[in-house]
Amino acid sequence: MNILVTGGTGYIGSHTCVALLEAGYNIIVADNLCNSRVEAIDKIQQITNEDVTFYQIDVIEEKSVETLFSKHKLDGVIHFAGLKAVGESVKIPISYYYNNIVSTMVLAKACQKFGVKRFVFSSSATVYGDNTVPFVETMDLLPTTNPYGETKAMSEKILTDIAKANPEFSVALLRYFNPVGAHANGLIGEAPNGIPNNLMPYVTQVAKGKLDKLRVFGNDYPTTDGTGVRDYIHVLDLAEGHVAALDNLKEGAHIYNLGTGKGTSVLELVKAFEDANGIEVPYEIVDRRPGDVASCYADVSKAKKEFGWTAKRDIIAMCRDAWRFEKNLKSY
Ligand code: NAD
Ligand code: UFG
């Protein structure tokens, strides 16, 4: 089967490309490289020993997308391409709404035109807003605190309406929790530009000495130790979740949480990182970060029941693999 992977040179996309190739899928990657490097294609080929066709295109451009669809007989699309920095989305909302929503519409429209019936979409646990944990797919969505989150909720709605009108269109809306870690060989991983917003890359950069200490955003949340609780999932488990979703697509639009179902606090993650790697991570407690929720973790029973998929790697493996990648980063 030929699968178009948009955003396939990015963090989650590159790991999913590896998992797809290992599962026997043929892939075509489309990315405009606004937040990734073309070297990711070489690394994917190196890891899998398989060929990857790459197009440097912007998937909001209908003409480029249609040209790609006309060149390949596609069986499905996994749509990762998107802008993802929550804070930046508050500052430049038009870029986020335009990029993330138009890309979804352009790709869905091309699927209709070229008879492509399988679509997998990268959504986010952020659409649950401040619901009560664990988050279940049947919950009503609460407003998110930022335009990025709204683009995910809106894209889900658009794809759901398209699937309603075209019953043969099969859509999986995958709500990711907190992907961390890297491929065990240290060749691909998360390499954010500038100072990281997310916890794990911040921790690895402190461990490397690039940043002096971690700032823990608040220790007065109603959680076990007062720090924020998240459902960290190894990016390879998440990648395998995409293969499982693709293998088990069914008609209509269906939502699935991809997480581990376990919550880990900021201080627990720091301790796990120190234990896994034998490196101390200095930190200080500072004020809460605006927009953060206290706890965010998944009910993962639906993906288990329908895909037979569960996350296998634990928090120690996540910390070890994240650190291995950071150490190798200069060669990336
Ligand atoms: P990433 O930035 O590493 O990858 C996204 C890729 O999309 C990049 O390679 C970028 O160059 C590309 N891209 C962006 N806009 C494009 C466009 N218009 N045309 C072509 N390429 C474009 O991010 P990631 O962490 O791998 O995230 C992948 C997807 O998963 C995103 O949609 C993101 O919103 C979603 N997601 C990520 C997280 C997370 O914590 N990383 C959590 C939930 C959801
Ligand atoms: N945190 C710190 N210090 C930091 C960075 C983060 O204490 O320097 C804390 C946060 O307050 C939070 C936890 O670590 O309690 C995790 O924060 P991240 O920024 O790593 O992740 P978020 O849960 O805020 O958001 C991430 C992605 C979103 C996605 C969401 C899905 O950034 O895009 O997971 O759950 F929508």
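Start at 1 and go down the list; that is how both ligands and their atoms are numbered. Worth knowing before you read on, the calculation uses all heavy atoms, side chains too, and leaves out hydrogens, waters and symmetry mates.
Between the side chains of Asn2 and Asp75, not a single donor N or O lies within less than 3.5 Å of an accepting N or O.
Less than 4.0 angstrom separates some heavy atom of Gly7 from each of these atoms of ligand 1: 6 (C), 7 (O). Which parts of ligand 1 touch Ser122 is read off a 4.0 Å heavy-atom cut-off, strictly below it: atoms 29 (C), 30 (O), 32 (O), 35 (C). Every atom of ligand 1 with a heavy atom of Pro179 under 4.0 Å away is listed here by number and element: 39 (C), 40 (O), 41 (N). Close approach of ligand 1 to Phe80 is summarised as follows: ligand atoms under 4.0 Å from at least one heavy atom of the residue are 28 (C), 29 (C), 31 (C), 32 (O). Within the listing of ligand 1, atoms 19 (N), 20 (C) sit less than 4.0 angstrom from a heavy atom of Ile57.
Residue contacts with ligand 1, taken as heavy atom pairs separated by less than 4.0 Å, do not involve Asn198 at all. When non-hydrogen atoms are compared, ligand 1 lies under 4.0 Å from the side chain of Lys152 (C-beta onward) but not from its backbone. Residue-level proximity to ligand 1 for Ser123 is carried by the backbone, the only part with a heavy atom below 4.0 angstrom.
Protein heavy atom in closest approach to atom 23 (O) of ligand 2: Arg230 NE, 2.6 Å. Among protein heavy atoms, atom 18 (P) of ligand 2 sits closest to Asn198 ND2, 3.5 Å.
Checked against a 3.5 angstrom limit, the closest N/O atoms of Ser103 and ligand 1 fall outside it. The distance criterion of under 3.5 Å between nitrogen or oxygen atoms is not met by Tyr202 with respect to ligand 2. Considering backbone and side-chain N/O atoms, Cys34 comes within less than 3.5 Å of an N/O atom of ligand 1.
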Check your understanding: Does the ring pair (Phe, Tyr, Trp, His ring centres under 6.0 Å) test come out yes or no for His242 and Phe80, once each step is laid out?
Key -> CA-CA 11 Å; His242 286 76; Phe80 290 104; 5.0 Å; yes
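Counting heavy atoms only, Tyr232 comes closest to atom 16 (C) of ligand 2 of the residues Tyr232, Tyr283, Phe217. Evaluated by nearest non-hydrogen atom to atom 5 (C) of ligand 1, the leading choice among Gly82, Ser95, Pro192 is Gly82. The closest non-hydrogen atom to atom 27 (O) of ligand 1, taken over Thr6, Val102, Leu33, Ile12, comes from Ile12. The residue among Tyr176, Tyr148, Phe177 with a heavy atom at the shortest distance from atom 34 (O) of ligand 1 is Tyr148. The residue from Val180, Leu214, Asn178, Leu199 that puts a heavy atom closest to atom 20 (O) of ligand 2 is Leu199. Between the choices Ser89, Ala125, Ser36, Ala81, the shortest heavy-atom distance to atom 7 (O) of ligand 1 belongs to Ala81.
Cation-pi geometry between Arg175 and Phe135 is not met: the NZ or CZ atom fails to fall both under 6.0 Å from the ring centre and inside 45° of the normal.
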